[in-house]
Amino acid sequence: MGVITIDRHIIEQQSKIPTTASGQFSWLLCGITLACRMIASHVRHAGLADIVGATGETNIHGEEVQKLDDAANRILQECLGYRGNVGIIASEEDDEPIVIEEGEDGRYVVLFDPLDGSGNIDSAMPVGTIFSVLDRQGGGGALQPGCQQVAAGYVVYGSSTVLAYTTGEGVHMFTLDPSIGAFVLARERVTIPEGKVYSINEAYYRDFPKGYRDWLDWTKGEGYKARFHGALVADFHRLLVDGGVFAYPETGKHPKGKLRLLYEANPVAFLAEQAGGKATDGEVPIMSKRPTALHERTPLLVGHASQVDTVQRFLAT
Ligand code: FBP
């Protein structure tokens, strides 16, 4: 069988699906994995090269842009820019979507958070890249509901570099083997286990809706442990492997939630559902939400299906 690299896996997966057997889709996904290998190299050299700290710029979210945010953003733009089948790219770091190819050739829209958790860079804590792919053939642009995604994934740059992706045929995980510079298959068809672990920034406890406070109080008697990395990609990856539930509810500072619907919540929701889990905004499934703006925010509750249901019961009372 030999080494199953992500590129081989993508091509083998796609050849099974008539709509994507042309190879165009594989070519696009391989562009994203190439970009993530290049970003991984930058992250690994973060403390050594002059790429830590801020650029002095502020992005549309009012956040200080880190040098690595900027580098990761440019790498993804470069690797997607010459694919020939990408019509629009949209990034957390850019105010507006970038139209690359107006015509029919530009079939796909790629939305991404080039470096999630960038507040962790200077302390060498895990960061990641999150991506979502939409098809323009139905006439939509970047503002399509999550249920229209044709692919989604993330890469976590942690103790090892791990990529997980889905094209609607389950969630598959790959580890970057630095000795060959390729993502190698680690696990296929991952499912979220039930785990007594919650990830939420409890420092905002008083600011959370009552249902979340009641749920958190309840967990204290249920033997739960808390894990919070300050990076959605790292908390979600841990959840895919060890189970449990992650939540970033609405707060006084973020009355609509902090996380962005199109390039944070939607891809995580697609992966969670493909791994047998659930993702909601506390009320409705994330993937059913109709986006109205590129950088719109949403509350996010995601995890093992029964544990999400438990939280929702507290929210409903
Ligand atoms: P960016 O770093 O991409 O802006 O993402 C936002 C984020 O860092 C999430 O990854 C994380 O879950 C959350 O913010 C942490 O927020 P807080 O510091 O308020 O707990």
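Counting convention: from 1, in listed order, for ligands and their atoms alike.
Listed by chain and residue number, nothing satisfies the salt bridge (charged side-chain N to carboxylate O under 4.0 Å, His left out) test with E296 (two or more places apart in sequence, or in another chain).
Around CD of E96, the count of heavy atoms belonging to other residues, nucleotides or ligands within 6.0 Å does not exceed 12.
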Practice task
May I have the step-by-step check of side-chain contact (heavy atoms from CB on, under 4.5 Å) for F174 and V184, ending in yes or no?
Solution key: CA-CA 5 Å; F174 299 75; V184 174; 5.8 Å; no
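A salt bridge is absent between K253 and D207; no separation between the charged side-chain nitrogens and carboxylate oxygens falls under 4.0 Å.
Sorted by chain then number, the residues whose non-hydrogen atoms approach ligand 1 to under 4.0 Å are E63, E92, D113, L115, D116, G117, S118, N201, Y204, F228, G230, A231, L232, Y248, K258, L259, R260, E264.
With rounding to the nearest 0.5 angstrom, the OH atom of Y204 is 4.0 Å from the OH atom of Y248.
Between F25 and Y108, the angle of the ring planes lies from 30° to 60°, which puts this pair in the tilted group.
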